[in-house]
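Sequence lines set the chain letters: A, B, ... in the order given, protein chains first and strands last, and positions in each chain run from 1.
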Amino acid sequence: MSGSSKPIVLICEDESHIRASICYVVKKAGYNCEQASDGEVCVRLRSEPAFAEIKIIILTAYGQAVDELKTREVSANCFIVKPFSPRFFMDTLAELLS
Amino acid sequence: MTSQPLFKRLLPRRLDRQVMLLVTLLLCLVIPFFASLEAGKSAKRVVDSATRQARALAENIAVTSIAHIITLDFSSSDQLLLRTARFPGVVEIQVIDLEGRIITDVINKPDSEPQLRYELIRLQPPAKPILRQTEKVGLLTIWQPVIGASLVGWVRLTYSLAEAESIAQQYFYDYMLDGAIMALMLMVLILLVMRRPLRMLREAAIFAADLKNKSGMHIPVDSSAIEIEQLDRALNEAATNLFEQETTIKRALKALNTQKLALDEHSIVSITDVDGNITYANQKFIAATGFSSEELLGKKHNIVKSDFHSEAFFGEMWSTIATGNIWHGEILNRSKDGRALWVSTTIVPFMDELGKPYEYVAIRTDITEQKQIEQELEEKAYILKQMSDNLEELVKQRTSELEAANRQLQHLNKIKSDFVSVVSHELRTPLTSIKSFTEILKDDIEVLDINTQRRFLSIINDESDRLGRLINDLLDLQKMDAGKTVWKDEQINLVDVLKKSVEFFSPAYREKGLQLHLNLDRDECLLDLDADRIRQLLTNLLSNALKFTEHGGVTMTMMTTLAEITVAVTDSGLGIPADEIDKVFESFHQVDSSETRKTGGSGLGLTICKEIVEHYGGSIGVVSTLGEGSCFSFVLPLTKHWERLN
């Protein structure tokens with residue numbers, strides 16, 4: 001039951017190593033973790049009104065203004081530029097969910 | 001002159017002499033006429049007087065003779081008649097009785113005394129007792145009846161009228177003389193009176209005859225005769241008018257001459273008759289056409305005609321001037337030596353009283369030079385137009401080229417932008433893994449078991465290698481682009497390199513469950529190549545084939561001809577969409593970004609392959625069917641390597 005009360009973090013990342021590292025820190029922080037390799041799921045989530053409450057963090061390796069604009073198209077709550085510190089990621093996640 | 005009537009030839013030419021002649025002739029006719037008329041009247045009076053005298057004598061004799069007849073007193077009768085016969089003019093006297101018997105007969109002969117005559121016996125008396133007289137050959141015969149109680153006899157008296165006629169003749173001469181004297185006086189008078197008017201008339205005539213030289217001069221006005229005065233005044237007026245007209249004409253002529261001079265000085269002028277025959281050509285015409293005046297005059301104007309203009313052109317010109325209108329136009333004439341002579345022409349027709357042209361004056365200006373300039377300008381304008389067109393075409397072409405270049409630049413700019421973006425992505429991605437696992441290891445080193453630690457460190461190692469490869473690829477490509485790559489060409493056996501590459505990849509292929517074959521058409525192929533670069537080329541191709549193939553296998557084939565070596569890597573992988581196939585050799589071109597990243601490519605492999613092949617003068621290409629597989633092949637020309645190959 002305690003598992004169901006924990007927020008679920010869905011990690012969509014095509015780079016398996018990055019996905020594994022994020023999954024590690026998320027689980028360590030006590031969240032449930034789900035994984036996907038395609039970021040397209042974010043667009044689908046945003047198209048469903050029922051999932052409007054879900055927070056989205058974009059992890060981008062482009063780090064350019066044009067990429068920032070692209071990420072906003074999917075109405076992400078915030079974005080973090082790669083390479084990032086797992087601690088910084090977890091702080092951002094915690095702040096977003098608080 | 002001979003046709004003139006005689007009287008005209010005899011007539012004096014001068015008027016005063018004509019007047020004199022006429023007056024003389026007139027007087028010659030009038031004087032005898034009046035003289036004879038007056039003389040006739042005087043003679044009649046003399047004859048009448050003589051007749052009356054004769055009848056008185058006859059009456060006296062008759063009265064006295066009554067008794068003589070009755071008494072037959074012959075002697076008294078003789079005495080009476082002899083006495084009576086002494087009267088001048090009496091020629092003969094007879095006294096006769098009723099029966100005609102002569103009583104007395106006296107004859108009075110000239111230059112002698114009257115005598116009795118006895119030759120005649122009887123005379124036949126008139127039938128009736130009345131006075132009867134007859135006149136014959138200057139002789140007057142009177143029969144006077146002698147009446148007493150009754151008729152007793154007759155007196156016959158013959159009277160000579162010679163005296164009376166002589167007197168009449170004398171009268172005639174006297175009248176003639178008087179007339180002649182009067183005529184002479186009259187002529188003198190006429191001459192005196194007419195002398196001055198005639199002289200003035202003569203002077204006027206002389207003045208009039210020489211009037212053309214007398215313009216502006218005056219003849220003294222003579223008032224002796226009103227006609228002459230009028231004539232003089234008229235002549236003076238005529239001379240004045242003539243002077244004024246001459247002055248006006250002289251001025252007009254001077255002005256006309258000045259204008260003609262100016263016209264001749266400026267223009268080419270000719271005059272033709274109604275048929276086009278030249279009647280005048282000025283010096284400029286002669287100079288311009290090269291024909292002499294003799295060659296031109298009397299000739300048709302088409303002597304200078306060129307074949308440039310149409311018949312319709314000249315037809316229009318002739319119909320214009322023939323109807324009295326002025327024609328303007330530009331004509332190309334031909335000079336005697338064949339030179340082109342362009343003239344701006346004005347033709348003015350001159351019309352007679354009937355409104356028909358009798359002369360055409362043509363005034364021209366030489367515009368040959370102007371025409372030449374115009375022609376040159378036209379030619380230059382044409383050339384300029386062509387140049388302009390060419391330029392326009394060139395500009396269009398250049399614009400098109402620039403647009404293409406611009407598109408190319410935009411494309412390159414996008415490539416650059418993509419490149420930066422992809423490089424950024426490709427660098428950040430392994431760096432993220434490295435950083436993440438380094439931090440995790442650092443934070444959780446105590447809680448992580450040794451296997452997990454090893455796994456995390458292995459990931460860090462792999463990602464570091466990946467980063468290193470990427471950096472090497474980037475540097476390689478940058479050096480190749482900049483021409484700074486050091487090519488360590490040496491003799492290698494290409495077959496060995498192919499074999500070693502396949503051997504190197506065999507474990508990875510096996511691990512993925514794929515087969516890798518190598519087909520060779522010879523055992524040895526010695527070429528001067530950089531072995532590392534060829535290895536890099538083959539590795540890229542084989543690693544790509546491995547990445548994108550899930551089932552089946554990959555075959556590397558080498559085929560040689562006299563001219564080239566072809567190496568092909570054929571896979572049974574995903575294949576490349578047709579619209580992407582041309583771009584696979586571009587840097588960081590990703591057919592499917594997620595798949596590329598999953599397979600861990602730098603996105604520079606094929607670009608590097610292309611650079612290597614092209615460095616050796618070869619080419620690289622790909623044929624592919626989506627879902628069935630791809631075949632990448634490169635061709636190296638053998639021209640420079642042929643000897644080694646044999």
Side-chain angles (χ1 to χ4, degrees), chain A residues 9-31 33 35-44 57-74 76 78-94, chain B residues 413-414 416-449 451-467 470 547 588 590-603:
Chain A
V9 177
L10 173 63
I11 301 160
C12 306
E13 170 62 57
D14 53 356
E15 281 287 332
S16 58
H17 300 320
I18 297 173
R19 204 164 59 227
S21 67
I22 294 168
C23 194
Y24 175 85
V25 290
V26 164
K27 277 182 177 169
K28 186 184 150 195
Y31 298 103
C33 179
Q35 298 183 38
S37 64
D38 194 346
E40 194 64 29
V41 71
C42 298
V43 181
R44 284 167 60 192
I57 302 172
I58 297 283
L59 305 173
T60 174
Y62 294 100
Q64 291 183 342
V66 64
D67 303 319
E68 196 177 319
L69 284 172
K70 273 183 186 172
T71 59
R72 286 192 180 162
E73 277 176 21
V74 295
C78 69
F79 69 96
I80 295 170
V81 178
K82 293 175 181 174
F84 55 88
S85 151
R87 267 178 254 142
F88 175 73
F89 172 76
M90 288 313 297
D91 290 347
T92 307
L93 182 66
Chain B
N413 195 37
K414 188 174 179 302
K416 191 205 111 200
S417 181
D418 287 350
F419 184 83
V420 170
S421 184
V422 171
V423 165
S424 163
H425 182 273
E426 295 303 313
L427 289 172
R428 282 167 198 272
T429 300
L431 208 54
T432 304
S433 298
I434 292 166
K435 186 173 175 59
S436 295
F437 284 107
T438 309
E439 198 177 295
I440 288 166
L441 279 169
K442 189 182 154 203
D443 287 354
D444 298 345
I445 191 83
E446 293 85 7
V447 297
L448 292 172
D449 59 50
N451 287 334
T452 309
Q453 283 180 31
R454 279 207 183 96
R455 189 162 59 85
F456 285 2
L457 283 169
S458 174
I459 290 170
I460 290 168
N461 190 47
D462 288 350
E463 291 301 283
S464 298
D465 288 347
R466 180 178 162 189
L467 205 55
L470 180 64
K547 273 186 251 173
F588 297 118
Q590 294 161 334
V591 174
D592 180 323
S593 51
S594 61
E595 197 59 41
T596 310
R597 256 168 260 152
K598 190 170 76 183
T599 53
S602 67

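In terms of heavy-atom pairs under 4.5 angstrom with chain B, the leader among A:Ala20, A:Ser16, A:Pro83 is A:Pro83.
In this structure, no portion of A:Arg19 lies under 4.5 Å from any heavy atom of chain B. Of the atoms belonging to A:Tyr24, it is side-chain heavy atoms, and not backbone ones, that fall under 4.5 Å from chain B. No part of B:Ile460 comes within reach of chain A, as not one of its non-hydrogen atoms sits under 4.5 angstrom from that chain.
With respect to the salt-bridge test (charged N to carboxylate O, under 4.0 angstrom), the residues A:Glu13 and A:Lys82 qualify.
The side chain to side chain contact (heavy atoms under 4.5 Å, CB included) test with A:Ser21 singles out one residue from B:Thr432, B:Ile440, B:Ile434, and that residue is B:Ile440.
Between the side chain of B:Asp449 and the backbone N or O of B:Thr452, at least one donor-acceptor pair lies under 3.5 Å.
Of all heavy-atom pairs between A:Ser85 and B:Glu439, the closest is OG-OE1, 2.7 Å.
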